[in-house]
Q: 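Please find one structure pasted underneath; my questions will follow.
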Protein chains: 2
Amino acid sequence: MASEILVIEDEQNVRRLVRIALQRDGFSVLEAEDGKTGLQLFAAENPDLVILDLMLPGVDGWEVCREIRARSSTPLIMLTARGDEVDRVLGLEMGADDYVVKPFSPRELVARVKAVLRRQGAQDNHADEPIVHPGLVINPAERTVLLDGQPIRLTPKEFDLLALLAAHPGKVFPRERLLQRIWGHDYWGDERTIDVHITRLREKLGRNSGAREYISTVWGIGYKFEVAERK
Amino acid sequence: MASEILVIEDEQNVRRLVRIALQRDGFSVLEAEDGKTGLQLFAAENPDLVILDLMLPGVDGWEVCREIRARSSTPLIMLTARGDEVDRVLGLEMGADDYVVKPFSPRELVARVKAVLRRQGAQDNHADEPIVHPGLVINPAERTVLLDGQPIRLTPKEFDLLALLAAHPGKVFPRERLLQRIWGHDYWGDERTIDVHITRLREKLGRNSGAREYISTVWGIGYKFEVAERK
DNA sequence: AACAGCGCTTCCCAATTTCGTAAAAAGGGG
DNA sequence: CCCCTTTTTACGAAATTGGGAAGCGCTGTT
């Protein structure tokens, strides 16, 4: 299953170089020579990864990055002209997954594309598979939860929290990471917010149906999902 | 957990700047002012990442890079004086993971360090691999510890201490370094504090189950982890 | 072998940090 | 404007942590 990559870059030669390098490694390539076209193609084709030049005519790279991040978490690699360090740092903070400084070797770019895709793929592998635990079934595709066979109503944040934790039973999620994964990399709120959602989740999950505790506190760190246990 | 970074750089001012910037972001820093010392420290401490100046007195940067690459795949960021394309390409082909051109801003360097670690960390979760010793299994991902198959409850500091020591069996950790790695560079407490935590760890680890001693005292220095031994 | 000196171990308790939860405030569709 | 969700705030409860001090053990010396 070849990944589809959208290249947004105004210099034709660079674009061609990148396309050839990517295609040689089996990727499928879409090209756009300005931000507007790029966003349209993005919306229409929903590619697996975007390579984005910062210096673009018309809608500039920042704007494109923002737009893409606003509506998806598709991996994004930035191309930046050498020397403006601000671009690099801000790029990472804007939500780019990696960046490459011009001029670059096509081989290096391909290596980074693969690295980013691998990283991504490792994280949300079975994105839509139901998550099943004793007495608890979570269905991400439908965003529904069954507790002892009975459907329960969760709010969006509650669902995301539960789905993330339950998808990795036993693994500890520091609050910081939960904020990053569920609230997004640019969220600047209080970590105590998580506690409140956890409290409500526990309430909906369990108090009624026996002395079960799905979500346990890891002191000084965060929370983790654990298979049901009797106390 | 705080990553440990080795900075090999001859100019004291640059070294200091880098150290301060890294420490402010929670990294633990080792310094070397020439290639020879750098390689020794590398071998002794096995840091999580190396920042390497190309222009060094004595053994030069290329040589250091080669040596490091010859025996490990620890991430490496190069500092290069000029914006010579040659340096850069050679550097990447020599096995550097990134490079930074002097003069650079500390913020940029820290951003690159994080990016490289993130890229790295996603691939080989070395940091989260379980640490296994006879009768003792430590799982950093879950922050759990099994002693003779039975789970035991450790506090955050206890766990961090045990994980750090057990990850480097036989290696002596001076109190000073333990404070730096676990409490952070800006901690100003008493070194006796460590003793207290070690005491409590030993208690939880062992008194009951035989004359085993996992953590041994190195008189006048600090502590180390040793494979179980009967007395 | 006894001794002195210094470092280590342990006990104890107070200070600090972190957590859970309630309640209030803020945000966001319809 | 109302209802539902989310975020902030506040505070008591719980757990962890740090430092003092007494006692023990190691080391090198006499």
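Note that the structure is a prediction, hence the values are computed from the model and not measured. Numbered from 1 within each chain, the chains take letters A, B, ... in sequence-line order.
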Q: Do T217(A) and R202(A) get their side chains close enough for a donor-acceptor pair, meaning under 3.5 Å?
A: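 Yes, side-chain donor-acceptor contact under 3.5 Å.
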Q: If you only use heavy atoms from C-beta on, which nucleotide in dG20(C), dC8(C), dT7(D) is closest to the side chain of T217(B)?
A: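 When the side chain of T217(B) is considered, dC8(C) is the closest of dG20(C), dC8(C), dT7(D).
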Q: Taking atom types as modelled, find out whether T193(A) and D190(A) have a side-chain donor-acceptor pair closer than 3.5 angstrom.
A: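 T193(A) vs D190(A): no donor-acceptor pair found between side chains.
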Q: What is the distance, to the nearest angstrom, from the CZ atom on R143(B) to the P atom on dA15(D)?
A: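 Value for this atom pair: 18 Å.
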Q: Rounded to whole Å, please give me the gap between CD in E203(B) and P in dT17(D).
A: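 Whole-Å distance recorded here is 15 Å.
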Q: Measure the spacing between CG of L117(B) and CG of D48(B) and express it to the nearest 0.5 Å.
A: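 The CG atom of D48(B) is 7.0 Å from CG of L117(B), to the nearest 0.5 Å.
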Q: dT9(C), dA15(D), dT21(C): which one has an atom nearest the side-chain heavy atoms of R153(B)?
A: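 Of the options given, the side chain of R153(B) lies nearest dA15(D).
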Q: Is there side-chain contact between L146(A) and P151(A), with at least one heavy-atom pair below 4.5 Å?
A: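 Counting from C-beta outward, L146(A) and P151(A) do come under 4.5 Å.
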Q: Whole Å only: how far is the NE2 atom of H197(A) from the C1' atom of dG20(C)?
A: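 The distance from NE2 of H197(A) to C1' of dG20(C) comes to 15 Å, rounded to the nearest Å.
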Q: Across the strands shown, which category fits R200(A) at heavy-atom distances under 4.0 angstrom: base, sugar-phosphate, nothing?
A: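 Since a base atom lies under 4.0 Å of R200(A), the category is base.
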Q: When the distance from CD of E158(B) to P of dT16(D) is rounded to whole Å, what number comes out?
A: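 These atoms are roughly 8 Å apart.
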Q: Tell me: CD of E191(B) to C1' of dG19(D), nearest whole Å?
A: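 Checked: the CD to C1' distance equals 14 Å.
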